[in-house]
Asks: 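I have a structure here, written as structure tokens, and I will follow up with some questions on it.
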Amino acid sequence: MNPDRLRTLSEKKARDRGMGGDAALQKQKQKGRLNVRERLDKLFDTGSFFEIGLHADHSGVSADLKDHHVPADGVLTGWGNIESRTVFVIAYDFTVLAGTMGRTGEAKCARIRELALKQKKPIVWLIDSGGARVQELGGSYFSTMGYLFREQVNISGVVPQVSVVMGPGAAGTAYIPALSDCVIIVKNQGTLALGGPPLVEAVMGEKVTEQELGGSQVHLSRSGVAHIEAENDSHAMDLTRKYLSFFPSHCGEKPPVINLHDPARTDDLLLEIVPDDPSTAFDIKEVISLIADGSTVFEIMSEFGKSIVTSLCRIGGYPIGIVANQSSFMGGVLENDSSVKAARFITICDAFGIPLLFLQDVPGFLVGSRVERSGIIRHGAKMLFAVSRATVPKITVVVRKAYGAGYFVMCGRAFEPDYIAAWPTAEIALMGAEGAINIMYGKRLRELPPAESAAKRKELEDTYRNEVSADRAAALFGVDDIIDPRDTAGIIKKVLDMAWNKEVLRPIHKHGIFPV
């Protein structure tokens, strides 16, 4: 072969690997962002990234782009290893035409989606894009587009999908995270919005900054679109690697078990965390940190629906998803956001075979006209649907109170837990003592003198609490056992040893009707 041809090829590769050029790269650096190749170096095991489509450049399709050099058509595609497991990637490059989606670039992305589904490997999107490239897709060619989202839905539940929002995600690229399993967003850098500030001002007359419109705090605490916040690009890549470490490569595999062992009995500190009084708040995250292996706890959606905690961790080496009521926020009551958050987390764990642990300390669902008008029944039903449908190993521990429908949606006896236990502090009932006594005896108590009424109320509440105690639940076989809290981790490991390979057959149907 003519050496000049090879030299030309080498020069072209070097030029294309340079992305948008020195000036564009410098602007990216000034924003506090890594460039796309630096991000891939952080994401994958050293030297493992294999790129396809480097020379793709569809700039000539439009007169507006005729003289532009568009390396990789603004998006890097390929695969690499994360802890020696193959992961596919689609990484938008903001230094090339603002990372916009062009025809050839979208063909490259379609190729990766095809390979991810065929090879059954996870896929990661690095979002730093101005959305669709108007110069190419603004005309009637748009009528041929849209495969991206249908294909992403087809992949859903087959392989893990992670979106990392590291810059703008506008219009079309905003829906990619919304259809992903996990969305990591970089603090003060990532944004997601269907229309940017100029469009919002033109259409709505509203002046708003990018971060106010769709920044990390908006989507982490308000909309629920994003799930985890990263401090910077490097941290985002570390979080992506850690998230995927809990998951199998596809739904047909078991999730990875690491350093299988029998957990040591937890020290006495666990006994001091939970107050005996069911109305006194405590932080359930302290309980989770004590029963989990080392520093494996990985919380999802910490700023959204805060009355419930959803975390991935390991116990005895097994990966497990924890759904836990958080009494330190609104008393742990279930409301719209916490119900949706829990339902989504349960669904993801179930899709990829990750067992579920429910730590109950729930006073029930929030009531009142505000939540009724905003759909508390519908949102609570999502949680009922998710926990009923889940066929992975399910373990329930009633830590303290378990009242009303809250007991059901947190995997009570009727929802097929493979093991359900109570701590000695547990109370399982339709409602708490105060509410029950008010309903049953409120009128009579109001007719008594104040001192006599208070004494009688205490007597009635004490009697009621005896009827809803852990001992009573065990006597009725509503729970499998009452356990010493310090033995919780070891018991969970034994149950997972038993239930790890469980299979559950459901009635044959196309799919249930999710209460959206």
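A quick note: this is a predicted structure, and the numbers were derived from the prediction, not measured.
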Asks: State whether a side-chain donor-acceptor pair under 3.5 Å links D283 with S328.
Replies: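 On atom types as modelled, these side chains do not qualify, holding no pair under 3.5 Å.
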Asks: Ring of F477, cation from R413 - is the NZ or CZ under 6.0 Å from the centre and inside 45° of the axis?
Replies: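 Because its charged atom sits under 6.0 Å from the ring centre and within 45° of the axis, R413 does stack over F477.
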Asks: So, do L496 and P393 sit near enough that their side-chain heavy atoms are less than 4.5 Å apart?
Replies: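 Yes, at least one pair of side-chain atoms sits under 4.5 Å.
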Asks: Is a side-chain donor-acceptor pair under 3.5 Å present for E335 with S338?
Replies: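 Short answer, yes.
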Asks: Distance check, rounded to the nearest 0.5 Å: E503 atom CD versus N501 atom CG?
Replies: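 The CG atom of N501 is 8.0 Å from CD of E503, to the nearest 0.5 Å.
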Asks: Where the side chain of K341 meets the backbone of F304, is there a donor-acceptor pair that is under 3.5 Å apart?
Replies: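 Between the backbone of F304 and the side chain of K341 there is a qualifying donor-acceptor contact (under 3.5 Å).
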Asks: Does some side-chain heavy atom of V323 sit less than 4.5 Å from a side-chain heavy atom of L357?
Replies: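 The answer is no; the side chains never approach within 4.5 Å.
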Asks: Step through the shown structure and confirm whether more than 12 heavy atoms of other residues, nucleotides or ligands are within 6.0 Å of CD1 on I377.
Replies: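 No, CD1 of I377 has 12 or fewer neighbouring heavy atoms, counting only those of other groups under 6.0 Å.
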Asks: Can a salt bridge be assigned to the pair D128 and R33 using a cut-off of 4.0 Å between side-chain N and carboxylate O?
Replies: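 Answer for the salt bridge query: yes.
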Asks: Could you tell me whether the side chains of D471 and S469 share a donor-acceptor contact shorter than 3.5 Å?
Replies: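 Not at all, the side chains of D471 and S469 share no donor-acceptor pair under 3.5 Å.
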Asks: Within this structure, what is the NE2-CD1 distance for the pair H261 and I315, rounded to the nearest 0.5 Å?
Replies: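 So the NE2 of H261 and the CD1 of I315 are separated by 9.5 Å.
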Asks: Less than 4.5 Å apart, side chain to side chain, heavy atoms only: is that true for H227 and D181?
Replies: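 No; the side chains remain at least 4.5 Å from each other.
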Asks: Using a strict cut-off of less than 4.0 Å between a Lys/Arg side-chain nitrogen and an Asp/Glu carboxylate oxygen, indicate whether K458 and D462 qualify as a salt bridge.
Replies: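 Between D462 and K458 there is a salt bridge, with a charged N closer than 4.0 Å to a carboxylate O.
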Asks: So, the side chain of K306 versus the backbone of Q326: is there a donor-acceptor pair under 3.5 Å, distance only?
Replies: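 No; judged by distance alone, with no hydrogens or angles, the pair does not exist.
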Asks: Salt-bridged, R265 to D484, with N to O below 4.0 Å?
Replies: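 Here R265 pairs with D484 in a salt bridge, since their nearest N and O are under 4.0 Å apart.
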Asks: Using atom types as modelled and distance alone, determine if a side-chain donor or acceptor of T396 lies under 3.5 Å from a backbone N or O of F358.
Replies: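 Such a contact is absent between T396 side chain and F358 backbone.
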Asks: Taking R506 first and then E416, would you say they form a salt bridge - that is, a charged N and a carboxylate O separated by under 4.0 Å?
Replies: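 A salt bridge is present here (some side-chain N lies under 4.0 Å from a carboxylate O).
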Asks: Any salt bridge between K493 and D497, counting N to O under 4.0 Å?
Replies: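 Here K493 pairs with D497 in a salt bridge, since their nearest N and O are under 4.0 Å apart.
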Asks: Is it the case that the side chain of T173 and the backbone of A170 share a donor-acceptor pair, with hydrogens and angles ignored and the cut-off at 3.5 Å?
Replies: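 Pair found, side chain donor or acceptor close to backbone of A170.
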Asks: If we count only N and O atoms by modelled type, under 3.5 Å, do the side chains of R446 and N438 hold a donor and an acceptor together?
Replies: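 No - no donor-acceptor pair under 3.5 Å links their side chains.
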Asks: Are the charged groups of E452 and K456 less than 4.0 angstrom apart, N to O?
Replies: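 Salt bridge: no.
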Asks: R113 vs F88, test: side-chain contact (heavy atoms from CB on, under 4.5 Å). Steps then yes/no.
Replies: CA-CA 8 Å; R113 295 192 297 271; F88 288 93; over 6 Å; no
Asks: F247 and Y243: aromatic ring centres closer than 6.0 Å?
Replies: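 Judged by ring-centre distance (under 6.0 Å), F247 and Y243 do meet the cut-off.
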Asks: State, with a plain yes or no, whether a side-chain heavy atom of T296 is found less than 4.5 Å away from one of D293.
Replies: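 A side-chain contact exists here, since the closest heavy-atom pair is under 4.5 Å.
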Asks: Hey, does the side chain of T310 reach the backbone of I300 with a donor-acceptor pair shorter than 3.5 angstrom?
Replies: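 Yes; at least one donor-acceptor contact below 3.5 Å.
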Asks: How close do L356 and A390 get, heavy atom to heavy atom, and via which atoms?
Replies: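 That closest heavy-atom pairing would be CD1-CB, 4.2 Å.
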Asks: Using 4.0 Å as the upper bound for N to carboxylate O, is an ion pair formed by D233 and K42?
Replies: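 Salt bridge flag = no for D233 with K42.
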Asks: For the backbone of G252 and the side chain of H250, can you confirm whether one donor and one acceptor N or O come within less than 3.5 Å of each other?
Replies: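 At least one qualifying donor-acceptor pair exists.
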Asks: For a 4.5 angstrom cut-off between non-hydrogen side-chain atoms, does I320 reach C313?
Replies: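 I320 vs C313: side chains touch.
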Asks: Closer than 4.0 angstrom, basic N to acidic O: yes or no for D418 and K394?
Replies: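 Judged by the 4.0 Å cut-off on N to carboxylate O distance, D418 and K394 do not form a salt bridge.
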Asks: CD1 of I90 to CD of Q152: how many Å apart, nearest 0.5 Å?
Replies: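 One gets 8.5 Å once the value is rounded to the nearest 0.5 Å.
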Asks: Closer than 3.5 angstrom, by distance alone: can the side chain of R400 be matched with the main-chain N or O of V274 as a donor-acceptor pair?
Replies: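 No; judged by distance alone, with no hydrogens or angles, the pair does not exist.
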Asks: To the nearest 0.5 Å, how far apart are CD in E286 and CG in L270?
Replies: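 Result: 10.0 Å between the selected atoms.
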Asks: If you look only at pairs with a residue in residues 424-444, which of them pass as a salt bridge (charged side-chain N to carboxylate O under 4.0 Å, His left out), with sequence neighbours excluded?
Replies: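 Passing the test, one end in residues 424-444: E427-R465.
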Asks: So, for C349 and V392, which heavy atoms are closest and what is the spacing to 0.1 Å?
Replies: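 Shortest heavy-atom contact: O-CG1, 4.0 Å.
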